[in-house]
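Taking it in order: structure first as structure tokens, then the write-up.
We number each residue from 1, following the sequence as shown. When reading the values below, keep in mind they use all heavy atoms of this one structure, side chains included, and skip hydrogens, waters and symmetry mates.
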Amino acid sequence: MMIITICGGGNAAHTLAGLLGSKPDVRVNLYLPLAGEERRWQEGIKTNGGIAVHFPDGVSIGRPHKVSANPAEVLPGSEIVLLALPAFAHETILRDIASYLKRGSWIGALPARGGFEWCGLDCLGQQIDSLAVFGLQTLPWACRIERFGHSVRVKGTKSMVEMAARPADKAGEMAAVLEDLLGLALRPVDCFLCLTLANTGQLLHPGLMYGLFRDWDGAPFTKQPLFYQGVNADTEDILLQMSDEIQHLRARLETCFPCMDFSFVRPLIDWIRCSYPNDIGDPTSLQSCLKTNRSYAGLTAPMVEGEHGWLPDFQSRYLTEDVPYGLVVTRGIAEMAGVKTPVMDEVILWSQEQTQKEYLVPCKAKLCRKLMGKDIAATRAPQRYGFSTLDMLDR
Ligand code: NAD
């Protein structure tokens, strides 16, 4: 019997618990440190008998074995540990569970977001060498809880998800086992750096928020604007320019790390055309891809309802996860590589103002900006880990 422990209790954790818990040779535990979640899961499982995962073409029902807010009750003996939660929770969870991880076990994040490997090194120290660490480029499913502790709906499954591993030569073996467990196609890539650069959420989410709200005058909206379909030509340009900046960085890293394959770090327009081959009505431009992608149809910008209408939600993950654990990480690598990123900087500066954080600050001569703001410690920028040369990035 293989023991798999899932850390986290949200949409992704419900999907994993129902999916993996349905396998006769797998025992699923859940580590749920957030206040109240252990009780809500226990009540749900007691009443419903397990978690139902509703896929477009069927249902999978799985019953977790143990759920607990105490790592000592669920982690020991686990062969695989899955971090299925937002990137801002990775560090706390890794520190909580470190002493319960057994030698040779696998630990991975779905999705990894930027700089996951450095966070792992920082939290686990030398212990990391006794483990195998992996990260997925994205969460394979678009999923939402229907009833907590009871059911989750999977709206779509990615046809292929890229995966990085540490040590890198274990990626193939790990991908094969995880593919079998998750029922997905996984493609090993050379390094976590590839995942960091290829994270398209870091461009789309903050970029579209910036495009939608940079000229906002503070007046409430009468309805929630469309998020992807609301893209105009100016915002398309911002997204394309940020994507170009990443391609310049990719080219620079290719010269620094000639043995590594960065080909999977594609321009945003290539990524969207490949990821949604059957969903895009008009693939002519990035704007048309966003506007005519059926998977994005009707999705609205994150907003909160105020007394007089809708207000932008600047505390949404699109700024609080995708900036410090996405765009800022990539910007940090660019800073070390000497690659200029003026458009990325513009988006980060606007985002940090909305979230009242400070990442980028003017350097002494005021001719440039550097990632030296007071909130760098709450990001995964390489500067936060004290890396000073590019070769230190390949950990
Ligand atoms: P979620 O909001 O449903 O998960 C939140 C859960 O994370 C909480 O219920 C809690 O269990 C855990 N958590 C949050 N903060 C914590 C903390 N400080 N300490 C301990 N636990 C904490 O998120 P999700 O939808 O499951 O998404 C997980 C990740 O996948 C995120 O990075 C998200 O951006 C990404 N993602 C999700 C989807 C999707 O369709 N759900 C799609 C693509 C990517």
Side-chain angles (χ1 to χ4, degrees), residues 56 111-114 136-144 154-162 184-185 187 189 194-215 223-251 262-303 312 316-319 321-323 326-327 330 341-344 346-348 350-351:
R113 302 294 188 211
L136 299 196
Q137 152 67 12
T138 180
L139 189 70
W141 313 279
C143 53
R144 291 288 176 277
V154 173
K155 296 180 182 168
T157 303
K158 305 260 179 351
S159 54
M160 164 79 77
V161 177
E162 281 75 14
L184 303 162
R187 182 165 75 133
V189 296
C194 291
L195 292 191
T196 296
L197 262 58
N199 167 11
T200 49
Q202 68 184 330
L203 301 181
L204 284 170
H205 299 153
L208 289 170
M209 289 292 278
Y210 176 68
L212 276 173
F213 301 122
R214 69 179 150 162
D215 295 325
K223 59 178 189 174
Q224 293 167 274
L226 289 170
F227 192 58
Y228 299 95
Q229 291 169 296
V231 64
N232 61 21
D234 288 347
T235 307
E236 177 195 36
D237 199 43
I238 286 158
L239 294 172
L240 289 170
Q241 289 188 62
M242 284 202 288
S243 172
D244 285 349
E245 289 172 355
I246 291 188
Q247 290 304 308
H248 295 148
L249 178 56
R250 167 193 152 173
F262 285 90
S263 57
F264 140 75
V265 183
R266 288 165 291 172
L268 189 53
I269 184 144
D270 293 1
W271 171 83
I272 197 167
R273 285 178 181 145
C274 289
S275 301
Y276 298 96
N278 305 316
D279 291 335
I280 293 173
D282 174 5
T284 322
S285 64
L286 180 60
Q287 188 184 19
S288 72
C289 286
L290 292 167
K291 278 185 173 288
T292 66
N293 185 345
R294 270 198 298 275
S295 305
Y296 294 155
L299 295 179
T300 53
M303 309 288 278
S316 100
R317 300 256 180 88
Y318 290 169
L319 298 185
E321 184 182 19
D322 287 299
V323 176
L327 208 48
T330 300
T341 53
V343 184
M344 219 181 264
E346 199 179 312
V347 173
I348 293 173
W350 176 83
S351 303

Fill in the blank from the handout: So OG1 of Thr235 and CG of Leu290: to nearest 0.5 Å the spacing works out to 10.0 Å
Practice task
Would you mind reporting whether Lys155 and Ser295 have side-chain heavy atoms less than 4.5 Å apart?
Solution key: no
Output a table of donor-acceptor pairs, distance under 3.5 Å, between side-chain atoms of residues 203-214 and any protein atom two or more places apart or on a different chain; print 'none' if there are none.
| unit_1 | atom_1 | unit_2 | atom_2 | d |
| --- | --- | --- | --- | --- |
| His205 | ND1 | Asp322 | OD2 | 2.8 |
| His205 | NE2 | Tyr228 | OH | 3.2 |
| Tyr210 | OH | Glu346 | OE2 | 2.5 |

Practice task
Evaluate the side-chain contact (heavy atoms from CB on, under 4.5 Å) criterion for residues Gln247 and Val265: first the C-alpha distance (whole Å), next the side-chain angles of each, then the deciding distance (0.1 Å), finally the verdict.
Solution key: CA-CA 8 Å; Gln247 290 304 308; Val265 183; 4.2 Å; yes
Handout entry: Smallest separation among heavy atoms of Thr284 and Ser288, with atom names
Key = N-OG, 3.3 Å
Problem - Asn278 backbone acceptor or donor facing Arg294 side chain under 3.5 Å - result: yes
Problem - From CG (Asp279) to OG1 (Thr292), nearest 0.5 Å - result: 9.5 Å
Completion exercise
Between Ser243 and Pro267, the two heavy atoms sitting closest are OG-CA, 3.5 Å
Problem - Any Leu299 side-chain heavy atom under 4.5 Å of Gln229 side chain - result: no
Exercise for the section: To the nearest 0.5 angstrom, please state how far the CG atom of Leu286 sits from the CG atom of Leu239. Expected result: 5.5 Å
Exercise for the section: Indicate yes or no: at least one non-hydrogen side-chain atom of Thr300 is less than 4.5 angstrom from one of Lys223. Expected result: no
Problem - Euclidean distance, Leu197 CG relative to Leu249 CG, rounded to 0.5 Å - result: 4.5 Å
Exercise for the section: Rounded to the nearest 0.5 Å, what's the gap from OG1 on Thr200 to CD on Gln137? Could you check? Expected result: 6.0 Å
Handout entry: For the student: nearest non-hydrogen atoms of Ser351 and Leu319, plus distance
Key = OG-CD2, 3.7 Å
Exercise for the section: Rounded to the nearest 0.5 Å, what's the gap from OG1 on Thr138 to CD on Glu162? Could you check? Expected result: 9.5 Å
Exercise for the section: Answer yes or no: is there a donor N or O on one side and an acceptor on the other, between the side chain of Gln287 and the main chain of Asp234, under 3.5 Å? Expected result: no
Problem - Nearest atoms (heavy-atom pairs only) where Arg273 meets Cys289 - result: CG-SG, 4.0 Å
Exercise for the section: For Glu245 and Val343, indicate whether the former's side chain and the latter's backbone hold a donor-acceptor pair under 3.5 Å. Expected result: yes
Fill in the blank from the handout: For Thr196 and Thr330, the nearest pair of non-hydrogen atoms, with its separation, is O-OG1, 3.6 Å
Problem - Heavy-atom side-chain contact between Tyr296 and Val231 under 4.5 Å - result: no
Practice task
Look at the side chain of Arg266 and the backbone N and O of Ala198, then say whether any donor-acceptor pair between them is shorter than 3.5 Å.
Solution key: no
Practice task
Take Arg113 and Asn199 through the test side-chain contact (heavy atoms from CB on, under 4.5 Å) and record every step on the way to the result.
Solution key: CA-CA 7 Å; Arg113 302 294 188 211; Asn199 167 11; 3.8 Å; yes
Practice task
Please work out whether the ring planes of Tyr318 and Phe227 are parallel, tilted or perpendicular, with thresholds of 30° and 60°.
Solution key: parallel
